[in-house]
Structures are given as structure tokens and as C-alpha cells.
There are 2 protein chains.
Amino acid sequence: MDLNERKLKILQAIVSDFISTSEPIGSRTLSKRPDIDLSPATIRNEMSDLEEMGYLTHPHTSAGRVPSDKAYRLYVDRLMQGSDLPEVNKQEISERLHKDADELDQTVEHAAQLLSEMTNLVSFAITPNRSESKISYINFLPVDESSVVLMIVCEDGKVTNSAIRMNSPYTEENLTLMSKVMTHNFKGKAVSAVLTENITSMFESDMQALAGLAGSVVPSFMKTLEKMLNVDLYMDGYSNIFRLPEYSDVSKARNFLEAVTNKEQFTNVLVNRDQGLAITIGDENSEDLKDFALVTADYKVNGKLIGRLGVIGPKRMKYGEVTSVIKYITDNLSQTFEIPAPEETQETEPAEAEYNDK
Amino acid sequence: MDLNERKLKILQAIVSDFISTSEPIGSRTLSKRPDIDLSPATIRNEMSDLEEMGYLTHPHTSAGRVPSDKAYRLYVDRLMQGSDLPEVNKQEISERLHKDADELDQTVEHAAQLLSEMTNLVSFAITPNRSESKISYINFLPVDESSVVLMIVCEDGKVTNSAIRMNSPYTEENLTLMSKVMTHNFKGKAVSAVLTENITSMFESDMQALAGLAGSVVPSFMKTLEKMLNVDLYMDGYSNIFRLPEYSDVSKARNFLEAVTNKEQFTNVLVNRDQGLAITIGDENSEDLKDFALVTADYKVNGKLIGRLGVIGPKRMKYGEVTSVIKYITDNLSQTFEIPAPEETQETEPAEAEYNDK
DNA sequence: GTTAGCACTCTTTCGCTCAGAGTGCTAACA
DNA sequence: TGTTAGCACTCTGAGCGAAAGAGTGCTAAC
């Protein structure tokens, strides 16, 4: 038995109808669609075939058909038409992303908010692992007698800092020296590379005076590097899911929330997805997410992967709309932060003028 | 009619029974309690009085009594016995908070996690507004030709940084100069004070060369200061609420989630609470939180308010347990980060030894 | 002042029926 | 041979009434 044109047409109709209604689709309903000119009986035969082939299931004998995970996959790969985003939405996205677009992190949060609003699903954003970021410099700054701040600046401009409590007194000169020694040793190296080095041995060859500081500083330094390997997860729109009929059962809603608020586990899932636009449906996901579908896309700046944005929701998701919103937003993000773009930035002109004046 | 001893006893029994069962309490149930030696009929009379006085309500004629907000308030103020935390729990709290206790922010997140686990409620933590933090120094650091990082260090050791995209080329010397000028002007001043100053005018009297930089830098500086006024909100345990029978109705659960995930609004509520241990119940809260109870407590370091931790849940909350957990955790947090405490910190001894070796 | 008794109310649950939706199969049709 | 009409059958879900259970309020007696 093969998937001929007619079967595909019926399958497509079932999937898209089910996506919008979340009700099992019966043969009579389908036969009324203008694009399907077949009698209910014929449709029933085809449905029966499709069920045998694993594309449809039956909640119970006298219910209509429901798409299987396999059907969603086929739908996404071959059947759905990628809806083009209405111009109004495009405009709204652009406007809301450009307003306050000076800080990447904040803009990404706005993007996630926007995404959950426009899709009515739960959205998320992660920053990539920074293990391959190169260190630009390292600075220790005095705070008070017993604490200093460690600051690590990467070549990509990302700054990480953490407070260090000192076990022994320090002088500002020692701190400066420490900063210089460490910067000298680690500048240009990737975070992951530094983490595997034997740092303490480094200080033996260096100044004796620093050894005292090193006792307090090195463990904190290592911890801070490890902290840089963490992926930040931002989520939005939790309550959206409760508007969907499939979660009118509280225990289902709770399962969803539990899967999704287990940050560590969920982050792990997100980190390990394919790059670019990735859609996973039902059993393509890990066990705890097998009732859901995820759509993610990456945004890049100057070709470098910066982060990942996406949504999670029920398998009967408007894949076409969702992917086009996500793609539009990630593309927009990428453009906004593209660096070699010294075009017509109107606001800056006064500043330039001021500068040239003097 | 006054609240005599017997009425109080009955009221206490009703509130505490209702807290643990969430079922309306009938006169017969109460009469079976060993500590209440009255017939159902007598209890009914008292209940009727208590209802008239506004402490109890009736879901319908043939249902038992349910405490009103007023009753919860009385219960919290006068009737409940503050349960002392079992030693096991105390130990667990101490252990889990001290593990990895070098970074305050992270420890606070752990504390909130712990809190939601132990209370089975939704927990949250906020950092205080830093408008009165004093600036210690300001630093501009080069990243690449077109971007620099602005770093503001406060006297309390908190560091805020943001990326600035430069509209015009800069030299490292200029950056350093800029850092010095700004540090000189703002050191020791509170963030809120700096925000009201006319910064641009400051530069007129300063170096001409800096004016060019100022065009890019000053707006970002102001934005960063504003960012410092933001209060961070961390939340945990969303899914706990779905285990409670009162949220078996999805629409109620959704209302809860919506009230609580509206970060801006919810943060606002949390910021404006009384200091110290604060309990607000039902209509003591704002309209959108009128079905819930909140318990919050502050943690301080060296007498200075550092942050606030708490839970939100149904009004029938185990106030005794919850407050003792929260108090124990906040006290513990305060102690952990108390600075002039160079006592027996065992973990640091190896480091010290290492130091003495050399 | 307390209590037993009783009529009354309201909710919840259970079983039942019935309508509706949909299927699968068979037989007829083009 | 593929398509369709017809029909028996299945299953769900809504609606209904009865009955059980919980609890009250009132009255009258202790």
C-alpha cells in the first residue's frame, strides 16, 4: 500500500483540521470540505488504510481519527504550507524588537515574550555555552578589606564577574599584579582550555607574593569559569498552555509544567538540538516531552551562533505559523546585532557632529 | 458578643482542620476531636455566633464551615502555634545552603528552591532596589573597534555591566580618561542621586576630547543606572500548586499562574511589602492576589537589607511551618554572608595551609 | 447553659437512558 | 474495479432522577 495523492490529501486535511479543532475528525466532516470530493464511505476506506500504515489512530471505535506522531512528521515535512507572516505582525515584531535594542540579553527576553504572545505557546530562549569563548582580559577589583570582584571579559564582549571573599589581606598592587599575570597567561585562550590547565602550578613560576592571593583567588576563578559554561534559560508564557483544551485536565497541565520547569533537564534538551530551524514532535523527543512538540531556531551575529529561541506546545501546533514567526524573529535578532553595520543610524549623528566639532 | 475562650478554641480547631483537609468542617467532626468536649449542638451554636461575627462562612446550607480571611488573620496573630522546625530539616537547610555558598545570587536561588520544596508552595526571591547603593568606581573597557563594556562597581561589591556600541572611534587612553573622570565625579554617590544630575553638562567643564565619547557613552550610562534600579525576581515550584485540591479546576490554576507570572506587577507587590516577616492573607492583598496568602521575610547582611524571600499559596497554608522554614532559611542566609565572620570555615583551611607552605 | 432529636436543605454520586457521532461491513452501482 | 449507499453496531457524553450523606437550625427537654 502506498501513499497516493488522495491519501496525502486526506491526511493533510485531517491533520490541519485536528490542529485547529483538537477534535477527532470523522469521515463525514471531511467529506463536507470543499477540497475533498469523496463520499464518507470512500474516505473511511482511505482512513482505514492510513491507520494501518500508522498515520492515524482511534481514541475508541466510534470516534473520528487523530493524527499519529508519524502523521505530524509527514505533515511538517511535506504537507503543510509555510504561511507567510502578515505584514502587520512583521511590523510589530520589528518595532518591538528595535525599541530598547541596545542590550542583547534584554532584547532576547523581549523576543521570547513576543514569541509566546504571537504563538500562544510557551516560549524560551537560551544563550549558547561559552566554553569556546576566548578570554580577553581578567581583572580583580577591590571592594573592601575582605572581598574583591573578579571580572572576566571575553573577546565577544561578554563580561562575567563574581565576588571573592579573601582569606587573607591583600594590597591593591597585588591585585593589579594578579590581574596582569592572569591576563597575560590566559588572554586569547578558550574558557574550556583554561579549565583543563593546571593553574596553581602557574603561580609557582610567578611572583611569590601572589601565592598568598592565589589560595583565595584560584578556586573562585575556576568556579567562575565553570559558571561561564552554564547556559542561561529564559522562559515565558507559562499560562498560555492552560487555554488549550488538551490541558483542561490538571494532571496533564502539571506534567507539562514539571517537564518544563525542570530547568537543568530542559536546558539540556534545548542545548542538544539540531542547529538552524529544528522541529521535533512527540516520540522524537525525550520521554518526558513525548506529548509535546518543540520548534527552535538559532540567531547568529556575524555568522557566529549567539543563541536559540523556540516554543514548546502540544503536538497539534500551527507549525506553519509558528515556524514563520520564529524564523522572522531570529532573523530580525541576527540583523539587529550584526556589528559591521555603520549605516544610517540617525540618533548617532548628533554625537558624531559633536565629536567632529571639537 | 465577644470571642470567649471556647469560641477561640473552636475557631482554632476549624482553621487548623480546614488547613489540612481543605474540606468544610462540620459540627460533628469537631465534636469528635479529643480537645473539644462539647456536643455537636453546642458547637453549632458557637459556629453560628462565629459566623455572625464574620469569622466563618458557609459554602451552602448543608455544608460545614469555612474560615474567612478575618479568621485566618486571627489564627496567624493569636491562635497558631509556631511549629519548631524538626532538626532534620534544619540540618538539610544548612547543608544545602552551605554547599556552594560562595556566590550570593546563586545561594539565594538555592534557598528559594529549598523553600518551595519544603513548603510545597511557589517560592520567590527578590533582590532589593539598588537606588541607594553608592558607586565605587566606573570603568570602560575596550572590546573591539566599535564596542566597549561599561562596568559600574558599587560599594557593596555588586557589579553591573553593559555593552556599549560606539558611534565613533575611540582610543584606549580616552576610555581610561573617561573612566577616571566619571569615577571622580560619581564615586560615593547613590545611583538615584546620579540619575537626577545633569551629566552632559559635567563634561563641558571636563576634557574636550571626551565630548565625542560622551555622545555614545552617556545615554548608555544612564540606561545602565536605570537597569540597576530593577529588582530581580526569581521564582520556583510553579508546579507545586497543581497538587492542591483547590486548583483542580484549570481556570483557577491559570488565574494563579497569570497573577504570578506577570513579573512586573508581582515584583511590585513584593517590593512594597513590610520589612521583616510579613504575612498577608486574602483581601489584605491586591485584587489579583485576593485568593492567596503570601509570607515573606528579609535577609540582611551586617544589618543591611539584602533581599527578600517568600512563598505564595492558598490561604489555607500551614502558616506555622511555612514561617518557621522561611525564618530559618533567611536567618541562615544572613549568617552565611555575614562578613566579619572569620571563624572556623573548615573548607578554607587547606587553602590557608597551602598559603602558609609557601 | 447544654444537649438530644428531628425536619429540612443542599450536594454528590450513581445508574440509567438516549441522542449523536462515527465506524466497518456488505451489497449495489458505474 | 473503484465508489457509494445503507445499515447494524459501538462508544461517548449529556441529562435526569433517586438516594445517600453531610450538615444545619430550631425546638424542647434536661
Side-chain angles (χ1 to χ4, degrees), chain A residues 1-11 13-15 17-18 20-33 35-68 71 245-246 248-249 252, chain B residues 1-11 13-15 17-18 20-33 35-68 71 245-246 248-250:
Chain A
M1 205 173 348
D2 66 333
L3 268 179
N4 57 28
E5 202 59 36
R6 196 167 74 178
K7 282 194 172 59
L8 284 176
K9 195 164 191 176
I10 290 175
L11 191 57
I14 293 176
V15 176
D17 270 21
F18 184 77
S20 46
T21 64
S22 102
E23 301 286 324
I25 312 297
S27 53
R28 243 179 70 81
T29 322
L30 271 195
S31 76
K32 283 189 210 135
R33 284 178 62 124
D35 57 334
I36 289 185
D37 198 23
L38 296 165
S39 78
T42 313
I43 294 174
R44 278 204 289 281
N45 288 332
E46 295 288 32
M47 280 174 154
S48 174
D49 289 353
L50 285 167
E51 181 158 359
E52 208 177 311
M53 295 162 83
Y55 290 105
L56 296 177
T57 48
H58 238 169
H60 56 84
T61 17
S62 70
R65 295 316 210 282
V66 167
S68 67
E246 42 266 82
S248 57
D249 177 4
K252 284 194 189 131
Chain B
M1 202 169 354
D2 66 332
L3 268 178
N4 58 27
E5 203 58 37
R6 197 169 72 179
K7 282 196 173 58
L8 284 176
K9 195 165 191 174
I10 289 175
L11 191 56
I14 293 176
V15 176
D17 272 19
F18 184 76
S20 44
T21 64
S22 101
E23 301 286 325
I25 312 297
S27 55
R28 244 179 69 81
T29 322
L30 271 196
S31 77
K32 284 189 209 137
R33 285 178 61 124
D35 57 333
I36 290 185
D37 199 21
L38 296 165
S39 77
T42 313
I43 294 174
R44 278 204 289 281
N45 288 333
E46 295 289 31
M47 281 175 152
S48 174
D49 288 353
L50 285 167
E51 182 157 359
E52 206 178 313
M53 294 163 83
Y55 290 105
L56 296 178
T57 49
H58 239 169
H60 55 85
T61 17
S62 71
R65 295 316 208 284
V66 167
S68 67
E246 40 267 82
S248 57
D249 178 4
V250 188

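Each chain gets a letter, A, B and so on, in the order the sequences are listed, and its residues count up from 1. Nothing here was measured: the structure is a model prediction, and the numbers come from that model.
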Return the value, rounded to whole Å, for the distance between atom [atom1] of [X] and atom [atom2] of [N].
X	N	atom1	atom2	result
B:Phe18	D:dG23	CZ	C1'	16 Å
A:Leu30	D:dT4	CG	C1'	16 Å
B:Arg44	C:dG1	CZ	P	18 Å
A:Glu23	D:dG13	CD	C1'	12 Å
B:Glu46	C:dG1	CD	P	11 Å
A:Ile43	D:dT3	CD1	C1'	12 Å
A:Met47	C:dC25	CE	P	15 Å
A:Glu52	C:dT23	CD	C1'	15 Å

query = What does A:Ala41 touch in the nucleic acid at a heavy-atom separation under 4.0 angstrom: a base, only the sugar-phosphate, or nothing?
reply =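 The answer is base, as A:Ala41 lies within the cut-off (heavy atoms under 4.0 Å) of a base atom.
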
Base C:dC10 to side chain B:Ser62, donor-acceptor N/O within 3.5 Å cut-off =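 A donor-acceptor contact between them is present.
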
Are any of the side-chain heavy atoms of [X] and [Y] separated by less than 4.5 Å?
X	Y	value
B:Leu3	B:Tyr55	yes
A:Leu56	A:Leu11	yes
A:Thr29	A:Glu23	no

ask   = Are any of the side-chain nitrogens in A:Glu51 or A:Arg65 under 4.0 Å away from the carboxylate oxygens of its partner?
value =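 Yes, charged N to carboxylate O under 4.0 Å.
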
Strictly below 4.0 Å: does [X] bring a side-chain N or O up to OP1 or OP2 of [N]?
X	N	value
A:Ser39	D:dT4	yes
A:Thr42	D:dT3	no
B:Arg65	D:dA22	no
B:Thr61	D:dG25	no

task = Starting from Watson-Crick (N1-N3 plus N6-O4 or O6-N4) and G-U wobble pairs under 3.5 Å, report the runs of at least three that DNA chain D belongs to.
result =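 Stems (3+ consecutive pairs) listed as C:1-30 with D:1-30.
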
key: Selection from D:dT24, C:dT2, D:dG25 that lies nearest to any side-chain heavy atom of B:Arg6   =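 Selected nucleotide: C:dT2.
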
request  = Would you mind telling me which of D:dT4, D:dC11, C:dT23 lies closest to the side-chain atoms of A:His60?
outcome  =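 Nearest listed nucleotide: D:dC11.
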
query = Could you state the interatomic distance from OG1 (A:Thr57) to CG (A:Leu50), rounded to the nearest 0.5 Å?
reply =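 So the gap between those two atoms works out to 11.5 Å.
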
query = Roughly how far, to the nearest 0.5 Å, is the NZ atom of A:Lys9 from the CD1 atom of A:Ile43?
reply =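 If we round to the nearest 0.5 Å, A:Ile43:CD1 and A:Lys9:NZ are 11.0 Å apart.
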
query = Between B:Pro40 and B:Pro59, which has a closest nucleotide on DNA chain C that is more 5'?
reply =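 That would be B:Pro40.
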
request  = Map A:Arg28 and A:Asn45 onto DNA chain C by nearest heavy atom, then report which one ends up closer to the 5' terminus.
outcome  =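 Taking each residue's closest nucleotide, the earlier one in sequence belongs to A:Arg28.
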
task = Over all heavy atoms of both residues, which pair between A:Ser27 and A:Arg44 is shortest? Give the atoms and the distance, please.
result =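 Smallest interatomic distance, heavy atoms only, reads OG-NH1, 3.1 Å.
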
message = If you compare all heavy atoms of A:Ser68 against all heavy atoms of A:Gly54, which two are closest, and at what distance to 0.1 Å?
response =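 Answer, listing the atom of A:Ser68 first, then A:Gly54: OG-O, 2.7 Å.
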
